[in-house]
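Values below: all heavy atoms of this structure, side chains included; hydrogens, waters and symmetry mates excluded. Every value quoted in this text rests on a predicted model; they were computed, and no experiment measured them. Chain identifiers are assigned alphabetically (A, B, ...) following the order of the sequence lines, protein sequences preceding nucleic acid strands; residue numbering begins at 1 within each chain.
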Amino acid sequence: MIDTLKNSFARLRRSSFFAGFVLFIIALILNAALQGPASFFSIKSINTLFAKNAAFILVAIGQSLLLIAGTMDVSCGIQLALVNVVTIMTHQVWGIPFGLSCLLGIGAAVLASIAVWVCCSVFRLPALLASYAMTYVIRGVNVMIMSVPQGKVPREWYMAYDSQLFGLIPVSFFAVLGVLLICRFARKTPFGSHIYAVGGNPRNAFAAGISPVKVQLKAFLLKGVIVGIAGLCLTLMIAAGNPLQAEDYGIRSLSACILGGLGFGGWGSVASAVFGSGFFVLIQNSVYYFFSLLVRMIPGFSVSSYWQNFVSDVIIFLGLLMTIVTAKGRQEVLREGIVRQFKRIDYRKKPEGLDGKEAASHE
Amino acid sequence: MFELRGVDKRFDAVVALNNASLNVKPGEVHALLGSNGSGKSTMIKILAGLVNPNAGEILIDGSPVEIRNGYDSRKLGIATAFQDLSLIPTMSVRDNILLGNEPKNALGLVDQRASDEIISRLLERFQIDCDPDDYVQTLMPSTQTMLEVAKAVALKPRLLLLDEVTAALHYDEIQVLFSVMRELKEEGIAMVYVTHRMNEVFEVCDRTTIMRSGESVITGPMDDFSLDDIVYYMTGQRPDKSKKDVVHSHSDGGREIVLDVKNLSIFPKVHDISLRAHKGEIVGIGGLQGQGQPELIRAILGAIRYEEGEIIYDGEPSTFKLPSKAVKNGMGFISGERNREAVFPARTVLENILAGKVAKGKTFAYMPAKANRSFAQSAVDKYNIVIGSLNHPASSLSGGNQQKLVVARWIAMQPKLLLLDDPTRGVDIHSRLEIHEILKECANDGMTILISSSESEELLSLCDVIYVFYEGCVSAQLTGENKTPEKLVAAMMGMSEDHEIVSTMEAKA
């Protein structure tokens with residue numbers, strides 16, 4: 001029993017998302033302490049946390065797929081706004097059922113993803129720059145569709161989004177769970193290993209008969225669907241349309257993934273994205289409670305929300321620095337391990353009849 | 001029956017293959033032999049679909065086929081184990097072996113049970129001791145090489161190409177590999193085996209094709225060849241065994257020792273290297289590719305760290321942590337990898353020549369434009385570099401002239417010790433001779449030169465003393481009348497006195 005526990009802890013330690021997991025746990029404890037455990041673990045508080053942040057977590061999951069495949073998309077933040085405006089406007093202008101509008105919204109996200117794929121994988125433009133440029137293209141499209149914030153979501157839809165299933169589990173949680181199950185399924189298909197191969201070493205993947213461009217297309221399509229779902233979560237949460245929102249989700253999801261332990265290309269897993277984005281969310285939440293605690297304790301103390309953002313962003317930056325330290329440490333451990341193995345083999349060879357010196361000189 | 005007929009391949013001016021041919025029968029192990037740059041690897045790459053030939057045809061069972069990429073090659077039943085490995089280090093052993101060849105179940109998922117079975121059977125067959133879920137990057141180089149072969153065999157090919165796979169393997173692993181190869185032979189699989197280890201060739205191969213400068217010189221059953229014959233066909237000369245090459249320490253009493261490397265080891269390639277360079281001497285480093293030559297040179301320069309040993313430069317132990325320190329202390333470094341390590345292609349000829357001077361001077365020192373131009377112009381004139389204008393980008397020059405540009409950059413600095421890593425790679429014969437002349441002249445003026453080269457002729461014509469590297473150790477030190485092509489080639493294959501003893505002992509064990 002203790003042995004299996006030890007083993008699973010050792011596996012966890014070795015896993016790529018370990019740094020993200022530790023950060024997540026720290027943020028969780030910090031948040032619970034600042035907010036008070038009773039309040040933090042209440043159904044209402046967890047529901048709000050999920051409802052508000054499901055979109056961000058989903059975007060990070062989508063981004064992680066691209067990072068594994070060796071590419072990225074900074075424009076997926078503004079793609080949320082695209083989903084938002086397409087869903088609201090098709091429902092409002094054409095009068096089609098809201099469910100159909102939601103599907104159109106997802107379709108729009110998939111189209112935007114394909115456009116980014118064409119730039120990054122087919123034309124081979126640097127992914128960071130190309131997708132950053134796409135941010136402005138999509139922004140233009142958004143404003144063309146909806147010039148000013150407007151529109152609303154049918155009441156029963158956003159009420160349903162804000163409710164809890166069995167009075168316990170928030171509906172938004174199911175959106176995240178569903179997407180994670182899709183990713184889990186995809187990981188078990190050949191695509192699940194091809195995506196790592198393409199991200200890890202495109203040349204060798206090509207030599208193994210895999211087409212990097214096609215694999216990246218699949219990753220972009222999957223990411224499009226996930227961003228579509230995230231856009232719907234956002235729409236149902238704010239229950240209105242705004243063409244210029246969530247733009248920073250793109251770059252933030254990227255840093256959440258890196259925080260969680262994903263590398264650029266072929267390293268890490270979707271779990272990294274979940275823990276990384278969880279850390280992001282909880283730190284922002286903790287900082288909010290920290291400042292309200294200050295306000296309560298020090299009479300006359302008041303700061304603008306900019307200060308809160310500043311503090312939480314500094315913490316996130318420190319978190320990013322920490323991942324560099326842990327990654328370096330892991331490399332060192334890896335190197336030491338290899339050296340040790342080498343020495344062991346040299347040592348083992350010596351007693352076997354051959355004179356040690358000659359065996360060593362031959363190797 | 002697999003056949004290559006009249007295959008030509010040129011990379012710009014360099015002819016890699018010239019009317020080469022090869023035919024391999026089912027159920028035989030065919031040795032493809034030749035010295036560095038004779039075109040063996042190009043031949044393998046053509047069959048693997050990584051290189052497309054300029055001319056010639058590929059026939060399988062008598063009918064011509066086309067191999068445009070790796071996928072075509074796989075479909076025709078060809079599997080390749082590459083020398084530089086095609087594994088993906090950040091993926092698990094399981095995923096690597098099954099990559100592109102995953103067994104699927106009805107749902108389109110990877111069939112776990114089937115793949116577990118394939119993996120465990122394969123690991124057992126090759127006696128690889130590792131967890132299928134280990135990342136490949138955590139395995140030892142020799143285990144990785146075994147996996148590379150296992151991965152190729154897992155494809156159940158009709159033709160298996162093994163490109164210098166034993167270079168990184170240990171003795172017992174080689175024996176496992178050979179027994180698998182014998183089994184595959186029974187199954188009627190054709191194999192092409194590239195190696196530099198001659199004792200292995202006689203152990204497993206049935207027939208051989210020997211290549212020299214891109215041409216296939218001779219093909220025949222292995223039994224028809226002796227070791228001397230093979231060296232003869234590879235070099236065009238008979239080895240002379242009467243004279244023994246003695247590893248003697250160079251005792252030039254009066255001359256000052258500029259560089260003294262003692263028992264250097266650099267993980268993982270270099271094990272125990274000692275060499276010495278005197279003032280005004282040209283010291284050559286020979287050997288097959290990947291025996292630790294670039295690592296040694298970069299360790300002297302301070303670009304990479306070394307584990308054990310000592311480097312004494314100019315009478316003092318060198319502790320350079322960065323190349324910039326080494327350059328300030330009078331070292332120069334010329335790399336054969338022009339684009340990666342030497343030339344700034346988009347910058348002007350002038351700036352390229354000044355790069356060395358800039359590196360040595362103070363960061364904010366004022367550099368008068370006129371002095372710069374005359375400095376550069378004199379270098380261009382002195383070394384006969386053909387340029388349009390000093391202001392043209394370096395990329396407008398031919399390869400040979402670009403290399404001369406780099407040579408000029410460093411020689412104009414008058415370094416005490418000049419390190420060259422395969423400086424004439426891909427350089428035309430005329431520029432090469434010019435570079436040789438420049439180097440000889442500098443050595444006469446008292447510069448110490450350490451040059452690594454993959455070309456035997458270059459080392460033989462240029463160097464006072466040649467250290468030959470084999471598997472991270474010095475296998476021979478050739479001076480004076482010992483500097484013959486045959487001795488050099490033999491030492492490069494590890495066939496010096498010591499190593500013959502080792503191989504025979506191992507054969508008995």
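- Heavy atoms closer than 4.5 Å to chain A are found in both the backbone and the side chain of B:Leu109.
- No side-chain donor from either of A:Thr71 and A:Gln216 sits under 3.5 Å from a side-chain acceptor of the other.
- In terms of non-hydrogen atom pairs under 4.5 Å with chain A, the most contact-rich of B:Ser86, B:Gly70, B:Gly49 is B:Ser86.
- Under the 4.5 Å side-chain criterion, counting only non-hydrogen atoms from C-beta, B:Ile273 is not in contact with B:Ile266.
- No donor-acceptor pair closer than 3.5 Å links the side chain of B:Tyr71 to the backbone N or O of A:Phe206.
- Formation of a donor-acceptor pair under 3.5 Å by the B:Ser475 side chain with backbone atoms of B:Ala491 is found in this model.
- A donor-acceptor contact shorter than 3.5 Å is absent between the side chain of B:Asp272 and the backbone of B:Cys473.
- Inspection of non-hydrogen atoms places no residue of residues 143-155 of chain B under 4.5 Å from chain A.
- The closest donor-acceptor contact from the side chain of A:Ser113 to the backbone of A:Leu221 lies at 3.5 Å or more, if one exists at all.
- The contact between A:Phe185 and chain B is made by backbone and side chain atoms together, counting heavy-atom distances below 4.5 Å.
- Relative ring orientation between A:Phe21 and A:Phe275 is described as perpendicular, the plane-to-plane angle rising above 60° on a 0-90° scale split at 30° and 60°.
- The greatest number of non-hydrogen atom pairs below 4.5 Å with chain B, out of A:Ala186, A:Gly209, A:Gly192, A:Ser193, is found for A:Ser193.
- For B:Leu98, no part lies near chain A; criterion is any non-hydrogen pair under 4.5 Å.
- A pairwise comparison of heavy atoms in A:Ala271 and A:Phe17 identifies CB-CD2, 3.7 Å as the closest pair.
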